[in-house]
Amino acid sequence: MRASSRPQSKMPPASQYQRLSQKMLDISGDRGVLKDVIREGAGDLVTPDASVLVKYSGYLEHMDKPFDSNCFRKTPRLMKLGEDITLWGMELGLLSMRKGELARFLFKPTYAYGALGCPPLIPPNATVLFEIELLDFLDSAESDKFCALSAEQQDQFPLQKVLKVATTEKDLGNYLFHQNRFYDAKVRYKRALLLLHRRLVPHEEQHLVEATKLLILLNLSLAYLKLHRPATALRYGEQALVIDQKNAKALFRCGQACVLLTDYEQARDFLVRAQKEQPFNHDINNELKKLASYYRDYMDREKEMCHRMFASRENGSTVGEQ
């Protein structure tokens, strides 16, 4: 007598995300956040409390289009860890990344949208996939803490620390500038400049400070041009020229400021000197053409004013003789 054969239960086929997870690295310790590096980055890992510049897209399983993405933005928003990023999984993932890295992550519900999800887009208990590219990051927390110290306390740190913080402030200013937040940008630039101004350094290290200071002064000059304050832009441009009298950018900024101040002779002097340093610079040559046009219009107005003045005197004389 044969034994009756029992039907064998079949395991359901693994889902797309389950298959993908088998090849990924566990970075949370409980397989709640899994990572697959698509392109390696370089440099240091992202630091806690850093401000990060990222491109990202989030996907649900079996969906081709992302439910969330910032890739359509020309300039992604700078986000601060611990404040602007709401997904715990994304924060952990970013802390495992280096500048320039592109990676794919799977976030279990605990590290994403939880048991309830986020209706109507995210269903309950959803595992989500994110592709994240780390464009850059700035250790703004370190900078903020350092700038809060007194001058005496800052002097206890080596020069390299001061230069690092000043460069971070400059980079933050650059990011704000590219978002057209010119006032906020110049605040960061001025904070960086103050750090360097009040630091006393031996002669053999002065060139390190001057090189960083030059970049900041050039950026301040441009920021004040954007803020329509040409006199201040000129002052910072001239400070840059004290460091490097042949710097084409500084000469150009000063020339632009003088044009706005209608000091056309001084503007021409700065722009001709800038052209001498960079004869084929498109912006410098265009500014000289504009200056020539402005100067012609200015001289025409002066001639017209003189003509009216003398005409008025002649008419007055004639009336007097009668």
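A salt bridge links Arg104 and Glu131; the closest N-O separation between the charged side-chain nitrogens and carboxylate oxygens is under 4.0 Å. Between Asp144 and Arg188 there is a salt bridge, since a side-chain N of the basic residue sits under 4.0 Å from a carboxylate O of the acidic one. Note on Glu205 versus Arg199: no salt bridge recorded, every NZ/NE/NH1/NH2 to OD/OE distance being 4.0 Å or above.
Side-chain contact check for Ile27 versus Phe105: some heavy-atom pair is nearer than 4.5 Å. Looking only at side-chain heavy atoms (C-beta outward), Ser57 and Phe130 stay at 4.5 Å or farther from each other.
Hydrophobic clustering places Val46 together with Ile85 (ILVMFWY residues linked when any side-chain heavy atoms are closer than 4.5 Å, directly or through intermediates). Hydrophobic clustering (ILVMFWY, side-chain heavy atoms < 4.5 Å, transitive): Tyr264 and Leu234 are in distinct clusters. Clustering ILVMFWY residues whenever any of their side-chain heavy atoms sit less than 4.5 angstrom apart, transitively, puts Leu291 in a cluster other than the one holding Phe270. When hydrophobic clusters are built by joining Ile, Leu, Val, Met, Phe, Trp and Tyr residues whose side-chain heavy atoms come closer than 4.5 Å, directly or via intermediates, Leu81 is grouped together with Trp88. Connection of Val201 to Leu149 is established within a shared hydrophobic cluster, with ILVMFWY side chains joined at heavy-atom distances below 4.5 Å, either directly or through further cluster members.
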Point to revise | Candidate pair Glu101 and Arg98, rule salt bridge (Lys or Arg N to Asp or Glu O under 4.0 Å), full reasoning | key: CA-CA 6 Å; Glu101 183 177 330; Arg98 304 175 192 274; 5.4 Å; no
Exercise for review: Might you work through the salt bridge (Lys or Arg N to Asp or Glu O under 4.0 Å) test for Lys190 and Glu169, ending with a clear yes or no?
Suggested key: CA-CA 9 Å; Lys190 291 183 80 169; Glu169 288 294 313; over 6 Å; no
Review point. Under the salt bridge (Lys or Arg N to Asp or Glu O under 4.0 Å) criterion, do Arg268 and Glu265 qualify, and how do the steps go?
Key: CA-CA 5 Å; Arg268 186 178 184 280; Glu265 290 186 9; over 6 Å; no
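A donor-acceptor pair shorter than 3.5 Å cannot be found between the side chains of Gln179 and Arg77. Using modelled atom types and a 3.5 Å distance limit, the side chains of Asn125 and Tyr113 yield no donor-acceptor pair. Gln278 and Asn281 form a side-chain donor-acceptor contact under 3.5 Å, judged by distance and modelled atom types alone. Under the 3.5 Å distance criterion, with hydrogens and angles disregarded, no donor-acceptor pair is assigned to the side chains of Thr127 and Glu61.
In this structure, Lys145 places its NZ atom where only 12 or fewer heavy-atom neighbours from other residues, nucleotides or ligands lie under 6.0 Å away. In this structure, Leu227 places its CG atom where more than 12 heavy-atom neighbours from other residues, nucleotides or ligands lie under 6.0 Å away. Annotation for Phe72: atom CZ counts as buried by contact number, over 12 foreign heavy atoms lying within 6.0 Å.
For the pair Lys186 and Phe182, the cation does not sit on the ring face, since its NZ or CZ is not both under 6.0 Å from the ring centre and inside 45° of the axis.
Classification of the Tyr236-Tyr224 ring pair by plane angle, with boundaries at 30° and 60°, yields parallel.
Panel note: side chain Glu133, backbone Gly100; no donor-acceptor pair is recorded below 3.5 Å.
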